[in-house]
Novice: 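Let me begin by handing over the structure; questions about it come next.
Each chain gets a letter, A, B and so on, in the order the sequences are listed, and its residues count up from 1. If you're wondering where the values come from, they're calculated on a predicted model, not measured in any experiment.
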There are 2 protein chains.
Amino acid sequence: MLSKKCKYAIHALVYLTERYEQGPVQIQDISEKKHIPKKFLEAILLELRHANILESKKGKGGGYYLVKKPTDVNLMQVMRLIDGPIALLPCVSINYYERCDECKNEKSCGIRDSLLSVRDETLQILSDATLAKIVKRERQMKLN
Amino acid sequence: MLSKKCKYAIHALVYLTERYEQGPVQIQDISEKKHIPKKFLEAILLELRHANILESKKGKGGGYYLVKKPTDVNLMQVMRLIDGPIALLPCVSINYYERCDECKNEKSCGIRDSLLSVRDETLQILSDATLAKIVKRERQMKLN
DNA sequence: TAAAAGTCTACTTAATCAGTAGACTTTTAT
DNA sequence: ATAAAAGTCTACTGATTAAGTAGACTTTTA
């Protein structure tokens with residue numbers, strides 16, 4: 001399961017994508033509309049800013065806004081940033097690889113094989129899910 | 001990520017599958033061969049027995065053995081049993097469903113859609129990964 | 001009947017999750 | 001100039017879970 005932090009991050013990003021290039025949005029605003037604890041949200045947005053996904057403007061009239069293009073941010077990136085590994089075991093992880101004690105030979109591990117497939121399929125779907133696509137899908141859905 | 005407990009459970013099951021219908025295998029044996037802390041392994045095997053995947057024999061010459069057929073036990077079952085939900089969010093979970101506060105309308109949630117795909121693909125792969133297939137794959141791999 | 005096995009309850013210890021508090025800095029409108 | 005509005009940053013807190021451990025107990029068999 002994703003952490004709540006990650007879920008909040010995604011929802012905040014979707015909110016900011018809906019307001020892309022419309023000036024800064026205040027934390028307070030996002031917090032209220034998306035029901036995310038304000039203080040917690042502050043920390044999350046800061047993290048997204050440090051990753052150069054968001055930028056902020058301080059002072060009155062300030063707030064957060066998306067600097068990357070909505071087509072250039074996807075769920076894989078966000079999940080990796082906030083929650084870390086996507087793979088189900090360290091021995092099939094790309095960014096957090098660690099050898100597995102239980103098997104002498106990784107090549108002949110029958111478990112690894114399936115979990116590699118899961119990882120690949122998951123990465124495929126998540127990297128295809130850009131903020132642009134998510135928001136587009138929501139707008140289309142709402143027409144029905 | 002899977003818990004270590006779940007990883008241990010899978011490795012123990014594979015070990016018992018390799019010895020299917022060859023009489024009980026002692027905890028000590030599994031523990032040593034698979035490098036799993038014995039006391040921890042005891043708890044895991046007990047859980048698998050309560051789920052009617054394993055059966056045990058007490059007393060001297062006792063141990064654990066697989067009662068379900070190796071074709072009837074798959075990674076989806078084991079992961080659900082030990083770690084719980086497979087889905088990445090409660091709102092896309094089959095067995096642990098919970099409504100998501102952030103979206104007014106679940107149908108029009110653009111995030112949900114991708115995570116449903118991830119869940120479906122994952123379940124597909126994991127339920128196809130039976131103990132029989134895993135062991136078969138290992139045996140074939142070892143020939144090379 | 002002793003030794004070998006699994007069973008069960010109850011700890012423990014460390015890490016992570018999900019936040020909160022509060023002082024600080026920057027910016028803008030008056 | 002300065003008050004108010006905004007984000008920044010460090011440090012804490014409390015609850016839960018992960019990963020085991022201890023130890024007494026029961027069952028079986030040679």
Novice: Would you mind reading off the distance between Lys4(A) atom NZ and dT16(D) atom P, rounded to a whole angstrom?
Specialist: 12 Å
Novice: Judged by modelled atom types alone, do Arg137(B) and Ser114(A) share a side-chain donor-acceptor pair under 3.5 Å?
Specialist: yes
Novice: OP1 or OP2 of dT29(D) versus the side-chain N and O atoms of Lys58(B): is any pair under 4.0 Å?
Specialist: no
Novice: Indicate, with a heavy-atom threshold strictly under 4.0 Å, whether Gln28(B) touches base, sugar-phosphate, or nothing.
Specialist: nothing
Novice: Looking at Glu106(B), I want to see if its CD is surrounded by more than 12 non-hydrogen atoms of other residues, nucleotides or ligands under 6.0 Å.
Specialist: yes
Novice: Whole angstrom is fine here: how far is it from CZ in Phe40(B) over to C1' in dT17(D)?
Specialist: 11 Å
Novice: Would you say Leu54(B) and Leu45(B) make side-chain contact, with heavy atoms under 4.5 Å?
Specialist: yes
Novice: Looking at dT29(D), which nucleotide sits across from it as a Watson-Crick or G-U wobble partner, both distances under 3.5 angstrom, or is there none?
Specialist: dA2(C)
Novice: Mapping Cys6(A) and Arg49(B) to their closest nucleotides on DNA chain C, which lands nearer the 5' end?
Specialist: Arg49(B)
Novice: Does any non-hydrogen side-chain atom of Arg112(A) lie less than 4.5 Å from one of Lys107(A)?
Specialist: no
Novice: Any luck finding a side-chain donor-acceptor pair between Thr130(A) and Asn74(A) under 3.5 Å?
Specialist: no
Novice: Report the base-pairing partner of dG19(C) (Watson-Crick or G-U wobble, both distances below 3.5 angstrom), or none.
Specialist: dC12(D)
Novice: Where each residue is assigned the nucleotide of DNA chain D containing its nearest heavy atom, which of Ser56(A) and Lys39(B) is assigned the position nearer the 5′ end?
Specialist: Ser56(A)
Novice: Charged N to carboxylate O under 4.0 angstrom, Lys38(B) versus Glu32(B)?
Specialist: no
Novice: Does a side-chain N or O from Tyr8(B) land closer than 4.0 Å to OP1 or OP2 of dA19(D), or not?
Specialist: no
Novice: Hey, does Ile27(A) reach any base, or is it just sugar-phosphate, or nothing, if we go heavy atoms under 4.0 Å?
Specialist: sugar-phosphate
Novice: Would you kindly give the CD-to-C1' distance between Glu42(A) and dC12(D), to the nearest whole Å?
Specialist: 16 Å
Novice: Anything under 4.0 Å to a heavy atom of chain A counts; send over the first and last such nucleotide of DNA chain C, read 5' to 3'.
Specialist: dA18(C) to dA29(C)
Novice: Taking atom P of dG20(D) as reference, at what distance in whole Å does atom CD1 of Ile44(B) sit?
Specialist: 9 Å
Novice: Drop me the distance from Leu41(A)'s CG to Ile36(A)'s CD1, to the nearest 0.5 angstrom.
Specialist: 5.0 Å
